[in-house]
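Report on one structure; see the data block that follows.
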Amino acid sequence: MKESVKASVMQILTNYLQLSNHRKTPERYAILDAVYSINGHFTLEELGHKLKNELHFPVSRATLYNTLKLFMELRLVIRHRFQGETKYEACYDNNSHSHQICTVCGKVAEFKSQEITEAFLNMHLKRFRKDGFSLYVYGICSACQAKITRQKANKLKQKILKDKNNESRKD
């Protein structure tokens with residue numbers, strides 16, 4: 001992540017904490033630094049692991065949860081719910097993007113589409129100021145499609161062999 005983005009989000013946090021008379025705790029800054037050093041989606045457990053093992057700054061699960069909630073209110077982090085799993089993502093410099101989610105293996109991949117972005121920008125909503133979007137497209141990834149095709153082919157082969165065996169027994 002660019003250092004200028006990290007500096008911007010740190011300043012947003014500092015300004016908010018000062019204006020709302022909240023404490024500027026080292027935990028909040030360490031968590032924000034960790035969030036913006038992760039490339040892509042992460043779970044609460046992955047963030048805790050990074051803080052403990054890589055940054056040598058362990059924090060409790062409650063602190064992680066409450067801090068991420070604050071970051072979501074500040075629009076520094078976005079929460080996604082993919083196939084029963086909650087993941088988070090830094091969003092300060094990336095408010096609008098789309099995800100393709102495999103309904104078989106759960107793999108999530110981001111993609112960009114100029115057509116979708118243009119449609120969003122040209123969309124007029126009454127009494128609503130749009131800031132960004134997140135689109136979820138569900139389907140089956142190519143790896144799972146290939147696996148399903150192989151399984152079907154194997155079942156068909158087994159059925160054919162079974163039918164041949166049954167016919168040879170009749171003779």
Side-chain angles (χ1 to χ4, degrees), residues 1-17 20 22 24-121 123 125 128-148:
M1 184 71 51
K2 295 178 187 173
E3 289 304 313
S4 62
V5 171
K6 275 190 183 183
S8 295
V9 296
M10 292 292 183
Q11 191 59 53
I12 290 169
L13 179 59
T14 298
N15 292 345
Y16 171 80
L17 294 174
S20 59
H22 285 86
K24 293 185 240 171
T25 64
E27 289 83 2
R28 288 177 173 153
Y29 288 97
I31 293 169
L32 189 60
D33 183 52
V35 164
Y36 275 83
S37 64
I38 295 173
N39 190 14
H41 306 101
F42 59 89
T43 63
L44 205 62
E45 292 76 22
E46 290 166 342
L47 179 59
H49 183 267
K50 181 173 187 69
L51 282 159
K52 181 181 177 184
N53 296 333
E54 293 178 31
L55 302 176
H56 307 291
F57 200 103
V59 295
S60 71
R61 184 173 175 82
T63 299
L64 283 175
Y65 180 79
N66 291 330
T67 303
L68 285 177
K69 186 176 176 186
L70 169 66
F71 294 168
M72 287 186 292
E73 290 171 15
L74 294 175
R75 298 193 48 117
L76 301 176
V77 170
I78 188 168
R79 178 178 54 207
H80 302 284
R81 298 187 195 229
F82 299 131
Q83 303 255 159
E85 183 177 38
T86 300
K87 293 209 172 194
Y88 300 87
E89 178 179 27
C91 68
Y92 176 73
D93 62 339
N94 190 16
N95 279 338
S96 301
H97 60 283
S98 304
H99 302 87
Q100 55 189 32
I101 304 162
C102 180
T103 55
V104 176
C105 68
K107 180 181 173 187
V108 177
E110 288 187 15
F111 70 94
K112 297 207 181 277
S113 167
Q114 190 62 35
E115 297 88 354
I116 293 171
T117 302
E118 287 175 14
F120 171 77
L121 293 173
M123 186 186 320
L125 302 170
F128 188 79
R129 180 182 63 93
K130 56 188 188 238
D131 293 329
F133 72 88
S134 192
L135 174 69
Y136 304 104
V137 179
Y138 295 93
I140 302 174
C141 70
S142 59
C144 288
Q145 286 175 358
K147 185 176 178 182
I148 290 167

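- Taking 4.5 Å as the limit, some side-chain heavy atom of L76 sits within range of a side-chain heavy atom of Y36.
- Atom NE2 of H99 is separated from atom OG of S134 by 4.5 Å, given to the nearest 0.5 angstrom.
- In this structure, Y88 contributes its side chain and L47 its backbone to no donor-acceptor pair below 3.5 Å.
- Between atom CG of residue L32 and atom CD1 of residue I12 there is a gap of 9.0 Å, rounded to the nearest 0.5 Å.
- Of the inter-residue distances, the one linking L68 atom CG with R28 atom CZ reads 12.0 Å to the nearest 0.5 angstrom.
- Contact between A30 and L51 at its shortest, heavy atoms only, is O-CD2, 3.6 Å.
- When all heavy atoms are compared, the tightest approach of F42 to A90 is CE2-N, 4.3 Å.
- Here CG of L74 is found 8.5 Å from OG of S20. Values are rounded to the nearest 0.5 Å.
- Looking only at side-chain heavy atoms (C-beta outward), I31 and T63 come within less than 4.5 Å of each other.
- Taking every heavy atom of both residues into account, H56 and N53 meet most closely at CE1-O, 3.4 Å.
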Between L44 and T86, is a side chain to side chain contact (heavy atoms under 4.5 Å, CB included) present by the stated rule, with each step listed?
CA-CA 8 Å; L44 205 62; T86 300; over 6 Å; no
Let's go through T67 and E27 carefully: what are the C-alpha distance in whole Å and the side-chain angles of both, what is the deciding distance for side chain to side chain contact (heavy atoms under 4.5 Å, CB included) to 0.1 Å, and is it a yes or a no?
CA-CA 9 Å; T67 303; E27 289 83 2; 5.8 Å; no
When you look at Y136 and V108, which way does the side chain to side chain contact (heavy atoms under 4.5 Å, CB included) test go after all the steps?
CA-CA 9 Å; Y136 304 104; V108 177; over 6 Å; no
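- Counting all heavy atoms, side chain and backbone alike, F133 lies closest to S98 at CE1-OG, 3.7 Å.
- Under the 4.5 Å side-chain criterion, counting only non-hydrogen atoms from C-beta, F111 is in contact with I116.
- Rounded to the nearest 0.5 Å, atoms OG (S113) and NE2 (H97) are 13.5 Å apart.
- Nearest heavy atom pair, residue C102 against residue I140, reads SG-CA, 3.9 Å.
- Side-chain atoms of T117 and L121, non-hydrogen and from C-beta on, do get closer than 4.5 Å to each other.
- The CD atom of E110 sits 10.0 Å away from atom CD of Q100, with the distance rounded to the nearest 0.5 Å.
- Using a 4.5 Å cut-off on side-chain heavy atoms (C-beta onward), K50 and S37 make contact.
- No side-chain heavy atom of F57 sits under 4.5 Å from any side-chain heavy atom of D33.
- Q114 places none of its side-chain heavy atoms less than 4.5 Å from the side chain of K112.
- When all heavy atoms are compared, the tightest approach of L64 to G48 is CD1-CA, 3.6 Å.
- Residues forming a ring pair (Phe, Tyr, Trp, His ring centres under 6.0 Å) with Y29 (at least two apart in sequence, or on another chain): none.
- The environment of OH in Y138 is crowded: more than 12 heavy-atom neighbours from other residues, nucleotides or ligands sit within 6.0 Å.
- In this structure, K87 contributes its side chain and F82 its backbone to no donor-acceptor pair below 3.5 Å.
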Side chain to side chain contact (heavy atoms under 4.5 Å, CB included), that's the test. Do C105 and C141 meet it? Break it down for me.
CA-CA 8 Å; C105 68; C141 70; 3.9 Å; yes
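- T25 has its side chain out of reach of L17: every pair of non-hydrogen atoms, C-beta onward, lies at least 4.5 Å apart.
- Atom NZ of K130 has more than 12 neighbouring heavy atoms from other residues, nucleotides or ligands inside a 6.0 Å radius.
- Ring geometry, H41 versus H80: the interplanar angle exceeds 60°, so the pair is classed perpendicular (tilted spans 30 to 60°).
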